[in-house]
Amino acid sequence: MSDKPNYKETVFLPKTDFPMKAGLPQKEPLILAKWEEEDVYGQLRKARAGREKFILHDGPPYANGDIHIGHALNKTIKDMVVRTQSLLGKDVPYVPGWDCHGLPIEWKIEEQYRKKKRDKNDVPAKEFRAECRDYAAKWVKVQTEQFKRLGNIGDYDRPYLTMRPEAEAQIVAELFKFAETGQLYRGAKPVMWSPVEQTALADAEVEYEDLADSPQIDVAFEIVESKLSELVGAHAVVWTTTPWTIPVNQALAYGPEVDYVLAEGSQGEKWLVAESLFDAFQARIGSERSLTKGMRFKGTELAGTVARHPMHHLGGFYARPRPLLAGHFVTTDSGTGIVHMAPDHGEDDFELCKANGIDPVFAVMGDGRYRDDWPWLGGDDERRRSVINKPFNAPDGPICSDLREAGALLSASADYAHSYPHSWRSKAKVIYRCTPQWFIAIDRPLHHLDPKSLAEERWEEEGGEPNDNGGVDDFPTLREIAMDEIDRVRFVPEKGRRRIQAMVEGRPDWLISRQRAWGVPIALFVEKKTGELLVDPEVNARITAAIREEGVDAWDEARAAEFLGAGRDPDDYEMVRDILDVWFDSGSTHAFVLESGDWSEQRWPADLYLEGSDQHRGWFQSSLLESCGTRGRAPYEAVLTHGFTMDARGKKMSKSLGNTVNPLKVMETSGADIIRLWALSVDFTEDHRIGDEILKGVSDQYRKLRNNFRYMLGALDGFREDECVAPADMPELERYMLHQLSTLDHKLRRAVDDFDFNSYVRMLTDFANEELSAFFFDIRKDCLYCDAPGGLKRRSYRTLLDMLFHAMVRWLAPVLVFTTEEVWGTRYPDGGSVHLLEWPEIGDHRDEALAARWEKLIALREQVNEAIEPLRAEKKIRSSLQAEVTVDSREDPTLLEELFITSTVHPGTQLSVTPTDHAKCGRCWRHLPEVKEDGDLCARCEEVLK
RNA sequence: GGGCCGGUAGCUCAGUUGGUUAGAGCGCACCCCUGAUAAGGGUGAGGUCGCAAGUUCGAAUCUUGCUCGGCCCA
């Protein structure tokens, strides 16, 4: 062979500068800088101006700390939505936002104070808030860079922040809408309260400490009324570890499914306890009072039973009846199976009593003592102490002593072991205490929403006939509107609907007040004399105007007169000092981002909200309630939810387990395109995993896609428009590929409509791997390398390659935002950004008859490949080009040779493969009859080299 | 403890209304090519469809229980 000429230089090999190795960590920041410099987002806005809009409203992440994998997933999916919709030609302005108020940031500032040995209470609130503001601003800046680094496109120069004065003013304005329409009221609710700090605490500010010497007492309540006559005169026994709550007892609770028994003493005493707790009760009251089991009955039989308080002789509050109520929370884990209810001091207590018309009495003051006028252990009792005072609750303390004297104390000791909540800061015990709070009513008829117009809207949307059932005159409640909207909105995946439905259906009134510093004020006045909420649009307008100018600091007591205006005496009004729960802030983002006009390219309502499934309780719901209460409908047309990212074994990630995957690290080592490809490859509608093995798989897939582009770029070297061939003039293989491309086009469009991005990515990778690399490109290699450049077949192939290139680079642009830019720039150095392009115009080349024929041919090809393999194993054949094939097919043998990438194909009756005797062409390496000797040229190559 | 959701090859995912030997891509193993070359091609081995009962002629698919995991509550 060495004496034969080397034809390598005459072969048209792919030629490109596009490197096989990506080097994404180095390259991506450069591409990013270019986008910034060229303002690609701004260009895109101009390019899509006037087109149909698609509004994805960003759910604000909390401005605190570096981004984690959940942010990366969420933002990548959002970016995919923005870019795919944009690819379809729509105008998709995306305004990212941040949630800036709230407790976690307050804590960080307090933490800094502690390090400097400063006390928060010594710092003016205004100064404290300024520090919170700076802190949030700092993290907004950091996260902005991190989101951009991920390849997120959006209006990052003008994001929305809940702490901007304009936003704060709009949030207050939204609150006023609730106030002005009678949906807002001041109620009460037990909250965690620290008597030492005299402040309400958030759950996260409470820590539990194990105690071994807590008091435990059994108290007898005499039954005065019951359907079961045996019970009258008996005593219901309650057990508690907080003796101080007995003075505020208002009811008893039993478990309807619990079995009860009368425990009878030798003196004829009868005590009502749960049967399964009989022994424990006996043990507590001591063997000197030996008990026997009397009558048994089910909890349900206790309905209607009424007891009286052991201190009923004090009259007034204590003389009221203490009804026995059915409580589903009653268990027989400990105690007596009868739970004493103090609605002031327990959540279950509060809810059960509220449902039965029993209101809290606010007997315990902020400092933990009973109030001055309280008949038992109140102001003039010198034994009065804070309720968390240990001797006060002791077996020999005043409560137990009085109960003992009344004959109601059956046992008392100070030896109970359990965990009890303490203040995170002072380490002192905390209690549940009812405090005034602000609520939005869920079940009040909303008179400001015209039921008729709402109903008509509904009819129009549903295309149905007006249903004159008289319901039109009933004003709907917030809950009803919200439930209707949940029916109407599109949920992806569908299961999200049921989840939010269940929550809205069963939720209590919306508690919106917090006793905190860093947030939007509940900027309301309450008339001291009447306790009435002041609703005056003129006052409200002055307040929002001030906040719009100066931010939340404008809500200052010194300015009460200014806000109230002439004719009102500030002394007559209480200025509410609570702030709004941050969920009200974020629930109002649709108002100040979509509707306000501050972002003129936005529009209300949004087409889509897209967040993790935890937001069914959070943002999806707060936004829904806010919008339904103020505007009578949801602020979104569709809701997309994603699951959570677990570690490689499916376990939840946590810092303490050390199984977290840091997206910033992955970007540093592998690149943002790898994270994006991961996020869009998994089924994000469910929980999904990430880990080294998974990321390796993603990288492998990335490499294959990259090499496909590299091959296309190389094969298209020197391609010119005038090479193009019309589809009708193309060989069948090209037309079959056009069919495949059209089919893929349609499937991809559907995947975009369904937000089914993992199918989208899978279809593209499968297509690249199977249809292109292993099939089309492999078969046409001979043609590309060896045919004359002007030949119809080669031109047809390159026409297809050009179409494939344009399709693939656009389709993958929303996924591999950096790589496709590199690909595009390699082919079109002056072609602008790939991200300005629109969906490729493939045209409909579907031809089912052709496809059916080719599917058979491909099946035959697979059989031939199978048949070649044994000969390869026997070392009789090396390359498939050495195989001579007999097949049962009437197809043109030349076509089959090309398709199989083999030597001569003979028609026959049975599939068989033999090594060919033909010599090998020195240029195209095919074994053909006309080649006399290995290394000579075949007819085609002879012709080409002329 | 309660509500909701999920568990298909090593990995990522398909599996329509229950119906022939459960599929794909990747990875892996072996082979080929050395003119896409830290690339490309071929073949192949991988699954008791979380577990256990039940309904049915027949179940990955329907029912129940259990288990593991997740989100939200308590």
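Everything quoted here is computed from the prediction, not taken from an experiment. First the proteins, then the strands, lettered A, B, ... as listed; each starts at 1.
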Answer with base, sugar-phosphate or nothing: what part of the nucleic acid does [X] contact at a heavy-atom distance below 4.0 Å?
X         : result
Arg923(A) : base
Gly650(A) : sugar-phosphate
Gly922(A) : base
Lys8(A)   : base
Lys875(A) : sugar-phosphate
Arg499(A) : base

Worksheet item: Hey, is the side chain of Arg649(A) poking within less than 4.0 Å of OP1 or OP2 on rC68(B), counting only N and O atoms?
Response: no

Contact string for nucleotides 37-47 of chain B, one letter per nucleotide 5' to 3', B = base within protein heavy-atom range under 4.0 Å, S = sugar-phosphate only, - = neither, reads SSSSSBS----

With distance as the sole criterion, do the side chain of Arg762(A) and the base of rU12(B) form a donor-acceptor contact below 3.5 Å? yes

Lys/Arg-Asp/Glu bridge criterion (N-O < 4.0 Å) met for Glu898(A), Arg780(A):
yes

Practice item. Salt-bridge test for Asp17(A) and Arg827(A): reply yes if a basic N is under 4.0 Å from a carboxylate O, no otherwise. Key: no

Residues in residues 681-688 of chain A with a heavy atom under 4.0 Å of RNA chain B, by number, are Ser681(A), Val682(A), Asp683(A), Glu686(A), Asp687(A)

Taking Watson-Crick and G-U wobble contacts under 3.5 angstrom, with | marking pairs to another strand and [ ] crossing pairs, the secondary structure of RNA chain B is written (((((((..((((.....[...)))).(((((.......))))).....(((((..]....)))))))))))).

